[in-house]
> 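To start, I am sharing the structure in question, which I have written as structure tokens.
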Amino acid sequence: MEKHCTDSRVKGVSTGTTILAAIFDGGVVIGSDSRASMGGEYVSSKTINKVIQVHDRIFCCMAGSLADAQAVIKAAKFHLSFHSVQMESPPQVIAAASVLKDLCYKNKDELQAGFLTAGWDKKNGPQVYVVSLGGMLISQQVTIGGSGSTYIYGYVDAKYKPNMTKEECLQFATNALALAMGRDNVSGGVAHLVVITEKGVEHVVVPGDKLPRFHDE
Amino acid sequence: MAAAPVMMPYFGQQISSKSDLVPDWTRQEVSTGTTIMAVEYDGGVVIGADSRTTTGAGNTPLTSPVCVCLFQTQVRPILTCVFGPAHSIELDEPPLVETAANLFRASCYRYREELTAGILVAGWDKRKGGQVYSVPIGGMLVRQPVSVGGSGSTYIYGFMDANYKPGMNKEQCMEITAAALSLAMERDGSSGGVVRLASISEEGVERRVILGNQLPKFSTH
């Protein structure tokens, strides 16, 4: 996912951020930090939730301009619930991702928002999709995004293994977010994590003081 | 002890622009992204770099046993006259790592407007043992137990924070450096090739090269 650019082209409050989604054996973990900042100098919110539920078993993480991301997600939720009624069944994860992709691609000149979509559906099980800034859509096993993500590419590449257990994956996601928040000044606060499986959805919030500490802290 | 004036050639020639025939990038100054890393252990330091650096040699020996890794985003003429032999003869012992680091810092700070260079100085001396000093762009000087630099370094901060522990021995330091550099080379377009490692201790300098196919592999996803 493209690195978020914090220059004057970004309007207003932006989510310099770290977001992450990873598939484990039987489900998917999606998570983010909770800081919203203006220009990298002022933290306008310490506790915003960047993990948004768009349907029962489908969640999105947003990065980029907060205003753009919220507007897109609002429109996407509407499209998705309408689609779900028409199909008379819960939407597939790729449907949610495609709706976001469509909005991002068709309005690419005005928008500056990217998304991670993660969820579970009956047809394909746990999935993670990335919709980048310009509207590209790809499916991945594990993905990171936001400005803080550059610092954890090495960690994620080294640590992620396919078919982890839920606990291993949660620990991996918490560690990765903690490391990114430790190095990126526009990521911070608490770690919001959501675990999505066939059985349901579980929210985990790790407050700042309970985040894993590493040798230099 | 060999004196080695370290001079970086100036690559910014203007090629006459038959614009369609010559691609844009040939007209730009060579910018050398890279990844470098240095780690202290009890008794010495391990220093490593990828092989996509200016001179292709990566680690430039300064005076034994102090080694220097250069990373920079734009190549500018840098003439660092190494004090080497004269200084050593006066002191009657090898120079301190801190002295070498301070000399780099002095040049980088004084010419901060003209230069764009970041430097890691690592070595061993009798007084303080293994030391790593970081002189980033701008000319600050700080000693750190482990430090990374270069364009590829951003990708491995998290890995380094998670995996470095104080009190590692030489082999562990070599492993963590090789692993970190491989990860960075995987992600950074400006880093790559082979991993060059050197360990510096009282006994001297031991160099290792890890070829592309021998690099540690990580789960591909």
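Lettering of chains follows the sequences in order, A, B, ..., and the numbering in each one begins at 1. Excluded from the calculations below are hydrogen atoms, water molecules and symmetry mates; all remaining heavy atoms, backbone and side chain alike, are included.
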> Can you measure from NZ (B/K165) to CZ (A/F214) and round to the nearest 0.5 angstrom?
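Going from the NZ atom of B/K165 to the CZ atom of A/F214 covers 8.5 Å.
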> Atom OG1 in B/T154, atom OH in A/Y153: separation rounded to 0.5 Å?
9.5 Å
> Can you confirm whether A/N124 is buried at CG, in the sense that more than 12 heavy atoms of other residues, nucleotides or ligands lie under 6.0 Å from that atom?
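Counting neighbours around CG of A/N124, more than 12 heavy atoms of other residues, nucleotides or ligands fall under 6.0 Å, so yes.
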> Measure the CG-NZ distance between B/L183 and A/K159 for me, rounded to the nearest 0.5 Å.
12.0 Å
> Examine whether an atom of B/A162 lies under 4.5 Å from a heavy atom of chain A, and if so say whether it belongs to the side chain, the backbone or both; otherwise answer neither.
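Contact with chain A: backbone and side chain both.
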> Test: side-chain hydrogen bond (donor to acceptor under 3.5 Å, both in side chains). Region: residues 22-34 of chain A. Which pairs qualify, not counting sequence neighbours?
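Sorted result for residues 22-34 of chain A: A/T17-A/D33, A/D33-A/K50.
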> Filter on salt bridge (Lys or Arg N to Asp or Glu O under 4.0 Å), then keep only pairs touching residues 129-151 of chain A, sequence neighbours left out; what's left?
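Checked against salt bridge (Lys or Arg N to Asp or Glu O under 4.0 Å) - neighbours excluded - no pair reaches residues 129-151 of chain A.
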> Nearest 0.5 Å, what's the CZ-CG distance between B/R187 and A/D157?
4.0 Å
> Within this structure, what is the CG-OH distance for the pair B/N163 and A/Y155, rounded to the nearest 0.5 Å?
7.5 Å
> Minimum heavy-atom separation for B/F159 and A/A158, please, with both atom names.
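Between these two residues, the closest heavy atoms are CE1-CB, 3.6 Å.
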